[in-house]
Amino acid sequence: MSEPYGVSLHDMEGLPEAERVSAERRFIKELNRALGGADAVVAAYRAWRDACECDASELSASVASLAVKWPKAFEAAQRAGLKNIGESEAHFELHLTPQSALAD
């Protein structure tokens, strides 16, 4: 079974492929750890995205509760992924796999 999301490292030109893949794996591992697994990552990401696109009064308590977890978890995953790579403008982008995107 494939994961419900993937990530890609951007703005890190010249990084060997093996190091890029390793960084992406560290990012995914930390994000899954912080939020409780891949499905929870997708749920928190969707909640955060929904919260960004509407007024706070339009959010249910459960969506709001999930949404506030996203920034801290994403930042921790970013730090873990970029560990030992050095200072740069590099960043990770999360993308939902087609199966997950269809559930939107």
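Being a predicted model, the structure only gives us computed values, none of them experimental.
- Glu75 and Lys72 are not joined by a salt bridge, as no carboxylate oxygen comes within less than 4.0 angstrom of a charged side-chain nitrogen.
- Contact detail for Glu24 and Ser8: the closest heavy-atom pair is OE2-CA, 3.3 Å.
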Inset, instruction - Determine, stepwise, if the pair Arg46 / Leu96 fulfils side-chain contact (heavy atoms from CB on, under 4.5 Å). - result: CA-CA 10 Å; Arg46 284 188 177 136; Leu96 299 179; 4.0 Å; yes

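- Remark: Ser65 OG to Leu59 CG distance equals 11.5 Å, nearest 0.5 Å.
- Comment: Arg26 does not engage Glu30 in a salt bridge, judged by the lack of any side-chain N to carboxylate O separation of less than 4.0 angstrom.
- Residues Leu31 and Tyr45 fail the side-chain proximity criterion, which asks for heavy atoms closer than 4.5 Å.
- Under a hydrophobic clustering in which Ile, Leu, Val, Met, Phe, Trp and Tyr are joined whenever their side-chain heavy atoms come within less than 4.5 Å, directly or via other members, Leu9 and Val7 fall into the same cluster.
- Contact detail for Ala67 and Ala51: the closest heavy-atom pair is CB-CB, 3.8 Å.
- No option in Asp39, Thr97, Asn32 other than Asn32 meets the side chain to side chain donor-acceptor pair (under 3.5 Å) test with Tyr5.
- Considering every non-hydrogen atom in both Phe92 and Phe74, the closest pair reads O-CZ, 3.4 Å.
- Here the straight-line distance linking atom CD of Glu13 with atom CZ of Arg20 works out to 12.0 Å at 0.5 Å rounding.
- His91 and Gln78 get closest at one heavy-atom pair: CA-NE2, 3.2 Å.
- By the 4.5 Å heavy-atom criterion applied to side chains, Val41 and Glu3 are not counted as neighbours.
- Counting all heavy atoms, side chain and backbone alike, Ile85 lies closest to Ala23 at CD1-CB, 3.7 Å.
- Inter-residue side-chain proximity for Leu94 and Val42 is flagged as unmet; no heavy-atom pair is nearer than 4.5 Å.
- The closest side-chain heavy-atom distance from Met12 to Leu82 is not below 4.5 Å.
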